[in-house]
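What follows is one structure encoded as structure tokens, with my remarks underneath.
Keep in mind that the numbers below use all heavy atoms, side chains included, and drop hydrogens, waters and symmetry copies. Since this is a predicted model, take the numbers as computed values, not measurements.
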Amino acid sequence: MEESIIRHIEHKDIRELILISKEMHKEGGYSWLPYSSEKMNQLFRKCLKFDMVTCIVAEKDNKVIGYMIVVIQDYFFNYKKMCSDLGLYILKEYRKNIRTPIKMVKLAEEWATERDVQELFFGNTMNVKNDKIKKFYEFQGFTTIGHVFKKKVN
């Protein structure tokens, strides 16, 4: 079985990434909200342009099969930096190979470490139906902290 290639976003990826992000939206916990291809286009273009946000791309057989967007920001109480994800998604038919998302997280960690972050905060904020997420991150040395609470108001 040929391994996936894990790399940073390139301009040529944007069209495929927009299609994949639409799949993530449909499958995730925010599918009740509208989806905007234009908004995703803007986000992927920011990943090409700015140093504190990137998109990690998984590719197999010259096809983009997934992505992970990560951003760096200051802690709210000092000027040290932390890195968090906006989402990690792999198309359903490619999820059997656990090495692909592990390599994506590793590249995100390397990228963030080069930018002097103190911690990584990754999770399942898109709420894609996957009960294995906690084990996936713990396997890579992450610990669970706190809780995320959500309440619809409109």
Side-chain angles (χ1 to χ4, degrees), residues 1-10 13 16-18 20-33 35 39-40 42-60 64-153:
M1 178 195 304
E2 185 180 321
E3 285 291 316
S4 301
I5 296 168
I6 308 302
R7 58 177 175 74
H8 289 277
I9 188 174
E10 297 173 7
D13 302 321
E16 283 182 278
L17 288 168
I18 290 170
I20 292 170
S21 70
K22 194 169 193 171
E23 290 301 311
M24 180 173 78
H25 178 262
K26 281 195 273 188
E27 189 178 345
Y30 295 101
S31 59
W32 59 277
L33 289 167
Y35 172 83
K39 177 85 173 190
M40 290 306 299
Q42 291 171 10
L43 177 58
F44 290 126
R45 289 180 185 284
K46 285 179 185 176
C47 292
L48 289 166
K49 217 156 88 166
F50 298 107
D51 191 48
M52 294 301 173
V53 58
T54 194
C55 178
I56 309 296
V57 173
E59 179 184 318
K60 187 168 176 93
V64 176
I65 62 166
Y67 68 92
M68 178 181 196
I69 299 174
V70 291
V71 298
I72 294 174
Q73 62 189 25
D74 291 345
Y75 289 92
F76 72 91
F77 51 83
N78 67 29
Y79 295 102
K80 296 288 187 180
K81 295 180 226 154
M82 63 177 173
C83 178
S84 59
D85 71 319
L86 298 182
L88 185 159
Y89 185 78
I90 297 172
L91 292 170
K92 283 182 184 181
E93 60 268 29
Y94 296 97
R95 290 184 191 161
K96 289 181 183 169
N97 185 352
I98 190 68
R99 290 188 299 263
T100 299
I102 288 173
K103 291 188 321 187
M104 293 169 79
V105 170
K106 177 107 173 107
L107 182 55
E109 182 176 352
E110 290 169 4
W111 173 82
T113 301
E114 290 170 2
R115 284 151 184 80
D116 198 32
V117 302
Q118 306 300 303
E119 294 180 292
L120 304 172
F121 292 89
F122 296 166
N124 189 13
T125 56
M126 284 300 296
N127 199 25
V128 170
K129 311 297 186 259
N130 188 341
D131 58 353
K132 298 176 184 174
I133 291 290
K134 186 174 185 306
K135 288 180 184 175
F136 168 76
Y137 280 112
E138 286 174 346
F139 174 76
Q140 296 178 85
F142 288 77
T143 57
T144 302
I145 60 160
H147 302 277
V148 175
F149 302 96
K150 180 174 121 170
K151 178 181 179 181
K152 292 182 188 179
V153 294

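- Ring-plane geometry between Phe44 and Tyr67 is classed as perpendicular, the angle between the planes exceeding 60 degrees on a 0 to 90 degree scale with a lower cut at 30.
- Tyr35 and His25 have tilted rings, their planes meeting at an angle from 30° to 60° on a 0 to 90° scale.
- Phe77 CZ: more than 12 foreign heavy atoms inside a 6.0 Å radius.
- Taking 4.5 Å as the limit, every side-chain heavy atom of Tyr137 sits out of range of all side-chain heavy atoms of Asn124.
- Residues forming a salt bridge (charged side-chain N to carboxylate O under 4.0 Å, His left out) with Lys80 (at least two apart in sequence, or on another chain): none.
- The closest side-chain heavy-atom distance from Asp74 to Lys81 is below 4.5 Å.
- Ionic pairing of Lys26 and Glu23 is present here: one or more N-O contacts between side-chain nitrogen and carboxylate oxygen are shorter than 4.0 angstrom.
- Taking the centre and axis of the six-membered ring of Tyr30, the NZ or CZ atom of Lys150 falls inside the cone set by 45° and 6.0 Å.
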Requested in this report: Evaluate the side chain to side chain contact (heavy atoms under 4.5 Å, CB included) criterion for residues Leu17 and Met40: first the C-alpha distance (whole Å), next the side-chain angles of each, then the deciding distance (0.1 Å), finally the verdict.
Outcome: CA-CA 9 Å; Leu17 288 168; Met40 290 306 299; over 6 Å; no
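- Summarising the geometry, atom CD1 belonging to Ile9 is positioned 14.5 Å from atom CE belonging to Met68; distances are rounded to the nearest 0.5 Å.
- Atom-to-atom distance recorded for Cys55:SG and Ile69:CD1 is 5.0 Å, nearest 0.5 angstrom.
- We find the CD1-CD1 distance between Ile90 and Ile98 to be 7.5 Å, quoted to the nearest 0.5 Å.
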Could you tabulate the donor-acceptor pairs under 3.5 Å formed by side-chain atoms of residues 102-111, not counting sequence neighbours?
{"unit_1": "Lys103", "atom_1": "NZ", "unit_2": "Glu3", "atom_2": "OE1", "d": "3.4"}
{"unit_1": "Lys103", "atom_1": "NZ", "unit_2": "Ser4", "atom_2": "O", "d": "3.0"}

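- What you find for Asp85 and Gly123 is that their closest heavy atoms are OD1-N, 3.2 Å.
- With a 4.5 Å cut-off on side-chain heavy atoms, Trp32 and Lys152 count as touching.
- Under the salt bridge (charged side-chain N to carboxylate O under 4.0 Å, His left out) criterion, Arg115 pairs with Asp51, not counting sequence neighbours.
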Query raised in the report: For His8 and Ile56, what are the C-alpha separation, side-chain angles and deciding distance, and is it a side chain to side chain contact (heavy atoms under 4.5 Å, CB included)?
Result: CA-CA 5 Å; His8 289 277; Ile56 309 296; 3.6 Å; yes
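- Put simply, CD on Glu119 and CD1 on Ile145 are 7.0 Å apart, with the number rounded to the nearest 0.5 Å.
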Report task. Evaluate side-chain hydrogen bond (donor to acceptor under 3.5 Å, both in side chains) for Gln118 paired with Tyr75, printing each intermediate quantity in order. Result -> CA-CA 10 Å; Gln118 306 300 303; Tyr75 289 92; over 6 Å; no
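- Separating the NZ atom in Lys39 from the CD1 atom in Ile18 is a distance of 13.5 Å, to the nearest 0.5 Å.
- At a threshold of 4.5 Å between non-hydrogen side-chain atoms, the residues Arg95 and Tyr89 count as touching.
- Leu88 and Pro101 make their closest contact through CD2-CB, 4.3 Å (heavy atoms, listed as atom of the first residue, atom of the second, distance).
- One finds the CG atom of Leu120 at 6.5 Å from the OG1 atom of Thr113 (value rounded to the nearest 0.5 Å).
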